[in-house]
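Working notes for the structure below.
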Amino acid sequence: MSVARTVLLKVSDNQWLRENGTRLPFIRRAVSRFMPGESFEEMITAARATAADGLASLFTRLGENVTDIGEADAVAHHYLDGIDQLRSLNLDCEPSIKLTQLGLDIDRELAYAHLRDLAARAHAANNYLWVDMEQSSYVNITLALTKRLREEFPRVGLCLQAYLFRTRQDLEDITSRGIGVRLVKGAYNEPPEVAFPKKSDVDANYYALAQQMLAPAARAAGSRAVFGTHDLDLIQSIRAHAQLAGVKPAEYEFHMLYGIQKPAQQRLAKDGVPVRVLIAYGDYWFPWYMRRLAERPANVWFVAKSLFG
Ligand SMILES: Cc1cc2nc3c(=O)[nH]c(=O)nc-3n(C[C@H](O)[C@H](O)[C@H](O)COP(=O)(O)OP(=O)(O)OC[C@H]3O[C@@H](n4cnc5c(N)ncnc54)[C@H](O)[C@@H]3O)c2cc1C
């Protein structure tokens with residue numbers, strides 16, 4: 001792992017900066033590249049523009065490790081209301097949530113009750129609920145709660161991280177239950193005991209897992225195959241493999257982040273591959289933004305430029 005990535009991920013965990021970093025004007029200017037705004041209304045405007053480009057979207061209100069029950073309840077209400085608003089606007093935009101935002105660090109049953117309410121509301125709105133994956137210490141509980149949810153609701157998907165050694169087994173278990181999988185490389189600072197330290201190994205594992213997702217067993221179970229990546233070489237390899245395996249472009253998807261690789265998003269959509277753009281918003285964006293910088297330390301240059309307006 002590069003030194004820059006390690007430093008930026010450590011900064012993302014710093015409690016003082018998490019609370020205060022968003023007040024720095026030059027960082028606020030720089031983040032606008034990845035975030036259309038802090039409000040739900042600004043997210044809707046971006047989702048409409050995305051739809052006009054022929055792309056569907058996902059929405060996530062930034063926040064994590066909530067320690068106050070009232071705040072966890074408010075987050076759940078925000079998503080419930082968001083699902084209703086999107087339904088009335090007839091906008092194809094799926095919610096993506098973090099369990100620690102719903103109160104997982106306070107009480108797992110509280111988080112599950114919120115998760116269940118969201119899945120029920122998404123189900124009623126003919127929408128789909130995505131569960132994000134956080135640090136490796138949360139993987140067991142995230143898998144357990146999502147599997148429990150799937151027993152009641154069919155339209156549920158989960159993010160799995162290719163940098164973790166364990167993901168091969170988890171992927172098999174999750175796809176066999178018909179739970180959708182959004183495969184990503186992984187955004188956190190993980191120790192070498194649990195995750196591949198070398199980026200080339202993460203990339204190779206991603207490709208191996210992608211092949212597993214496109215195999216007949218996973219397809220037969222009805223699991224949605226979603227690749228959450230901006231890596232153009234990887235995207236090309238996955239598409240070539242899908243073609244060889246006889247999987248049609250409409251049978252798998254790519255999800256990317258707002259503001260990253262827009263021309264590639266449009267090219268894929270033109271080729272008939274469903275693409276969704278994840279639009280993040282909210283005022284608690286500091287740790288999330290530091291992870292975006294860590295993915296491409298060259299982005300720090302944009303922060304430096306915005307320091308000078
Ligand atoms: C829809 C979606 C949901 C996600 N959910 C989660 C989650 O729940 N849990 C989790 O751990 N991670 C999540 N991630 C983040 C993911 O783990 C990676 O950190 C991130 O996608 C970067 O990896 P990459 O596959 O694009 O490949 P990389 O090898 O990191 O990047 C490939 C290329 O993409 C471009 N690129 C990538 N990132 C950036 C950036 N920040 N700025 C500018 N260009 C960039 C660059 O051109 C780069 O060379 C999610 C990502 C997506 C797209």
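The two atoms that bring D132 and R182 nearest to each other are OD1-NH1, 3.3 Å, heavy atoms only. Considering all non-hydrogen atoms of both residues, V275 and A269 come closest at CG2-N, 3.9 Å. In this structure, Y252 and A242 approach most closely via the heavy-atom pair CE2-CB, 3.6 Å. When all heavy atoms are compared, the tightest approach of V181 to M213 is O-CE, 3.6 Å. The two residues P95 and N127 have their closest heavy-atom pair at CD-OD1, 3.4 Å. Counting all heavy atoms, side chain and backbone alike, A187 lies closest to R292 at CB-NH2, 3.9 Å.
Proximity of R150 to L158: side-chain heavy atoms (C-beta onward) are nowhere separated by under 4.5 Å. Taking 4.5 Å as the limit, every side-chain heavy atom of L118 sits out of range of all side-chain heavy atoms of H114. Using a 4.5 Å cut-off on side-chain heavy atoms (C-beta onward), F286 and V11 make contact.
Looking at Y79, its side chain never comes within 3.5 Å of a backbone N or O of L115 through a donor-acceptor pair. Between the side chain of T60 and the main chain of S96, a donor-acceptor pair closer than 3.5 Å is present. When atom types are taken as modelled, the side chain of Y128 and the backbone of V156 share a donor-acceptor pair closer than 3.5 angstrom. E190 places a side-chain N or O within donor-acceptor distance of the main-chain N or O of S136, the cut-off being under 3.5 Å. Between the R87 side chain and the A124 main chain, a donor and an acceptor come within less than 3.5 Å of each other. Remark: the backbone N or O of I260 is paired with a side-chain donor or acceptor of Q265 at under 3.5 angstrom. A donor-acceptor pair is defined here as one N or O able to donate and one able to accept, closer than 3.5 Å; such a pair exists between the side chain of Q101 and the backbone of R61. The main-chain N or O of S223 is found under 3.5 Å from a side-chain atom of R219 such that the two form a donor-acceptor pair.
The aromatic rings of Y281 and F59 lie parallel to each other, with less than 30° between the two planes, well short of the 60° mark. Between W285 and Y289, the ring planes lie perpendicular to each other; the angle is over 60°, past the 30° to 60° tilted range.
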Worksheet item: Could you walk me through whether R148 and E109 pass the salt bridge (charged side-chain N to carboxylate O under 4.0 Å, His left out) check?
Response: CA-CA 12 Å; R148 189 168 149 198; E109 288 308 315; 3.0 Å; yes
Item to complete: For K199 and D203, run side chain to side chain contact (heavy atoms under 4.5 Å, CB included): C-alpha distance rounded to whole Å, both residues' side-chain angles, the deciding distance at 0.1 Å, then the answer.
Response: CA-CA 6 Å; K199 187 175 183 315; D203 293 354; 3.2 Å; yes
Item to complete: Check the pair E94 / R276 against salt bridge (charged side-chain N to carboxylate O under 4.0 Å, His left out), numbers first and verdict last.
Response: CA-CA 9 Å; E94 298 174 343; R276 273 182 195 272; 3.2 Å; yes
Item to complete: For side chain to side chain contact (heavy atoms under 4.5 Å, CB included), just list the numbers for L55 and M256, CA-CA rounded to whole Å, side-chain angles, deciding distance to a tenth of an Å, and then say yes or no.
Response: CA-CA 11 Å; L55 310 173; M256 297 194 198; over 6 Å; no
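Between the CD atom in Q135 and the CD atom in E64 there is a gap of 6.5 Å [rounded to 0.5 Å]. Between K185 atom NZ and T229 atom OG1 the span is 4.5 Å, to the nearest 0.5 Å. One finds the NZ atom of K98 at 13.0 Å from the CG atom of L104 (value rounded to the nearest 0.5 Å). One distance of note links CE of M35 with CD1 of I279; it measures 12.0 Å at 0.5 Å rounding. Summarising the geometry, atom NE2 belonging to H230 is positioned 13.5 Å from atom NZ belonging to K262; distances are rounded to the nearest 0.5 Å. Here the CG-CG distance, from L9 to N14, works out to 13.0 Å after rounding to the nearest 0.5 Å.
Note on L99: it does not cluster hydrophobically with Y284, by side-chain heavy-atom contacts below 4.5 Å among ILVMFWY residues. I141 and V66 are assigned to two separate hydrophobic clusters, defined by single-linkage of ILVMFWY side chains at heavy-atom distances under 4.5 Å.
Screening K248, R239, E253 for a side chain to side chain contact (heavy atoms under 4.5 Å, CB included) with V273, the sole residue that qualifies is R239. Exactly one of D81, T45, L86 qualifies for a side chain to side chain contact (heavy atoms under 4.5 Å, CB included) with F40. That residue is L86.
With salt bridges taken as basic N to acidic carboxylate O contacts below 4.0 Å, one links R177 and D173. The pair E134-R291 does not meet the salt-bridge criterion, since no charged nitrogen lies less than 4.0 angstrom from a carboxylate oxygen. Salt-bridge formation is not detected for the pair D271/R267: no Lys NZ or Arg NE/NH1/NH2 atom is positioned less than 4.0 Å from an Asp or Glu carboxylate oxygen. A salt bridge links R116 to E152: at least one charged side-chain nitrogen sits closer than 4.0 Å to a carboxylate oxygen.
More than 12 heavy-atom neighbours from other residues, nucleotides or ligands sit within 6.0 angstrom of CD on E42. Counting non-hydrogen atoms of neighbouring residues, nucleotides and ligands closer than 6.0 angstrom, the NE2 atom of H123 reaches no more than 12 such neighbours. More than 12 non-hydrogen atoms from other residues, nucleotides or ligands lie less than 6.0 angstrom from NE2 of H241.
D105 and Y138 share a donor-acceptor pair across their side chains, judged by distance under 3.5 Å alone.
Aromatic rings from F227 and F254 are positioned such that their centres are separated by under 6.0 Å.
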